[in-house]
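We number each residue from 1, following the sequence as shown.
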Amino acid sequence: MPYRFEFRPYRRPFQRPLQTSHGTWVFREGIILRLTGSAGQVGFGEIAPLSWFGSETFEQALDFCRQLPAEIAEATIFSIPPALPACQFAFESARETLTGNPPIPKSRHPTLNPLTYSALLPAGEAALSAWQPLWQQGYRTFKWKIAVAPAPEELQIFHRLNQTLPAPAKLRLDANGGLPWEDANQWLQACDSCGAVEYLEQPLPVDRFDAMLELSNRYSTHLALDESVATLAQMQDCFLKGWRGIFVIKPAIAGSPSQLRRFCRQHDIDAVFSSVFETAIGRQAALRLSAELSRHNRAAGFGVSHWFGEDDEIWLENLWPTY
């Protein structure tokens with residue numbers, strides 16, 4: 001079945017720059033695509049690359065879209081190479097929405113309650129006050145970026161944050177692979193002592209897999225892989241190497257949704273599905289996967305809308321008036 005193919009690039013600023021161990025992120029760049037079937041049915045998809053996590057770059061995704069004809073065959077959608085995982089996700093998601101398989105959500109807005117989301121806090125001392133309005137909105141799980149400043153400085157803030165958060169709150173720490181071995185041990189000792197951390201995410205770089213396995217056996221605080229399992233091929237590799245901890249899955253850069261479903265169902269992994277700051281189009285597709293595949297009742301990492309100034313619906317209507 002052929003589909004009419006259209007696409008529009010976008011560049012969307014964050015309300016405040018996002019600081020991680022990878023650097024400072026000022027704009028989210030991506031591509032909205034639309035597939036139209038022979039009967040006029042429409043499906044939208046979103047390419048939201050994250051190249052420092054191992055996906056294709058925005059420029060590579062844009063080049064791929066530009067070389068496609070105005071009408072594409074269904075076989076094209078399922079033959080996108082693994083080197084373009086964000087493109088795989090976007091085209092398959094658009095096709096699924098167009099065909100109604102899985103069913104199209106009743107609303108474009110996230111269908112989950114904020115209580116089931118983890119809200120992303122800013123790095124550094126700003127986290128000490130940023131959690132409060134998010135708590136009032138219903139969030140009970142918070143994620144805080146570390147490995148941005150020296151460990152002694154961040155550990156002091158961590159202890160203050162831990163004392164400030166209400167007792168029911170859960171805290172996730174995300175190092176983005178930015179901790180040296182000594183600091184990772186120091187952080188995990190602190191986490192074990194306080195007992196309030198749900199997990200520490202990607203403490204060491206991707207090439208330190210064996211060391212992360214050792215850390216997971218040495219401390220009681222759970223560890224999660226993120227950058228190490230950015231794509232489906234990486235997930236499969238880490239599982240084969242023996243990882244049975246938490247997998248943080250970013251569907252928008254993981255690759256083919258159909259293959260991701262197959263992997264998760266086959267191995268029943270402990271998965272947390274997470275955002276890459278995509279728009280409502282990519283988020284809805286990712287949340288469908290989260291609803292289908294989550295098995296361990298952990299909050300999904302999609303509490304990031306407060307990082308943008310405009311409402312998604314208004315912003316998308318301005319980008320593509322027929323959306």
Side-chain angles (χ1 to χ4, degrees), residues 1-13 22 25-102 104 227 230-236 249-263 275-286 288-289 312 315-323:
M1 175 181 177
Y3 301 103
R4 183 157 57 89
F5 167 57
E6 303 165 85
F7 68 95
R8 292 186 184 175
Y10 70 81
R11 192 172 195 242
R12 193 180 190 194
H22 296 290
W25 199 4
V26 180
F27 295 94
R28 174 12 119 199
E29 289 184 306
I31 302 164
I32 303 297
L33 61 90
R34 181 169 70 177
L35 301 179
T36 306
S38 57
Q41 67 274 42
V42 173
F44 283 90
E46 179 175 0
I47 304 172
L50 209 57
S51 58
W52 57 90
F53 265 72
S55 84
E56 67 269 47
T57 65
F58 169 76
E59 290 77 15
Q60 288 169 328
L62 191 57
D63 287 344
F64 176 74
C65 290
R66 284 173 173 161
Q67 60 87 27
L68 289 175
E71 189 173 274
I72 63 173
E74 187 161 284
T76 302
I77 295 172
F78 291 101
S79 61
I80 298 172
L84 300 172
C87 292
Q88 287 184 326
F89 170 81
F91 278 84
E92 280 197 40
S93 299
R95 177 194 169 276
E96 287 182 353
T97 305
L98 182 149
T99 60
N101 181 27
I104 301 170
E227 281 92 338
T231 64
L232 181 59
Q234 290 174 300
M235 292 177 218
Q236 293 167 331
I249 298 176
K250 293 176 164 55
I253 61 169
S256 162
S258 57
Q259 294 179 40
L260 179 61
R261 287 186 182 97
R262 194 175 307 122
F263 171 78
S275 170
V276 292
F277 297 92
E278 60 281 283
T279 73
I281 291 173
R283 185 168 62 246
Q284 278 298 339
R288 282 199 296 265
L289 288 166
D312 261 13
W315 184 85
L316 283 165
E317 290 286 359
N318 288 334
L319 178 72
W320 206 317
T322 56
Y323 167 68

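- Listed by first then second residue, pairs satisfying salt bridge (charged side-chain N to carboxylate O under 4.0 Å, His left out) with a partner in residues 250-259 read Asp226-Lys250, not counting sequence neighbours.
- Applying the side chain to side chain donor-acceptor pair (under 3.5 Å) rule to Gln234 yields the partners Thr231; only residues at least two apart in sequence or on another chain are considered.
- In this view, Glu74 and Tyr3, Arg95 satisfy the side chain to side chain donor-acceptor pair (under 3.5 Å) rule, not counting sequence neighbours.
- Not counting sequence neighbours, the partners of Ser51 by the side chain to side chain contact (heavy atoms under 4.5 Å, CB included) test are Thr57.
- Residues satisfying the salt bridge (charged side-chain N to carboxylate O under 4.0 Å, His left out) criterion with Arg12, sequence neighbours excluded, are Asp312.
- Among residues two or more places apart in sequence or in another chain, the salt bridge (charged side-chain N to carboxylate O under 4.0 Å, His left out) test is passed with Arg11 by Glu29.
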Could you pull out all donor-acceptor pairs under 3.5 Å where a side-chain atom in residues 37-46 meets a protein atom, sequence neighbours excluded?
unit_1, atom_1, unit_2, atom_2, d
Gln41, OE1, Ala39, N, 3.1
Glu46, OE1, Thr279, N, 3.0
Glu46, OE1, Thr279, OG1, 2.7
Glu46, OE1, Gly282, N, 2.9
Glu46, OE2, Tyr10, OH, 2.5
Glu46, OE2, Thr279, N, 3.0

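- Looking at residues two or more places apart in sequence or on another chain, you find no side chain to side chain donor-acceptor pair (under 3.5 Å) involving Ser93.
- In terms of the side chain to side chain contact (heavy atoms under 4.5 Å, CB included) criterion, residue partners of Trp52 (sequence neighbours excluded) are, by chain and number, His22, Trp25, Leu50.
- Remark: Phe91 CZ to Ser79 OG distance equals 10.5 Å, nearest 0.5 Å.
- Gln284 contributes no side-chain N or O that, together with a main-chain N or O of Ile281, makes up a donor-acceptor pair within less than 3.5 Å.
- Using a distance-only test at 3.5 Å, with no hydrogens or angles considered, a donor-acceptor pair links the side chain of Gln88 to the main chain of Ser256.
- Between atom CZ of residue Phe89 and atom CG of residue Leu232 there is a gap of 13.5 Å, rounded to the nearest 0.5 Å.
- In this structure, the separation between CZ on Phe7 and CG on Leu35 is 12.5 Å, given to the nearest 0.5 Å.
- Listed by chain and residue number, Glu6 satisfy the side chain to side chain donor-acceptor pair (under 3.5 Å) test with Arg4 (two or more places apart in sequence, or in another chain).
- Sequence neighbours left out, not one pair with a member in residues 78-94 passes salt bridge (charged side-chain N to carboxylate O under 4.0 Å, His left out).
- Applying the side chain to side chain contact (heavy atoms under 4.5 Å, CB included) rule to Ala61 yields the partners Ile31, Ile47, Pro49, Glu56, Cys87; only residues at least two apart in sequence or on another chain are considered.
- Side-chain contact between Phe64 and Ile80 is present, with heavy atoms from C-beta onward closer than 4.5 Å.
- Taking CD1 of Ile32 as the start and CG of Leu316 as the end, the distance is 5.5 Å to the nearest 0.5 Å.
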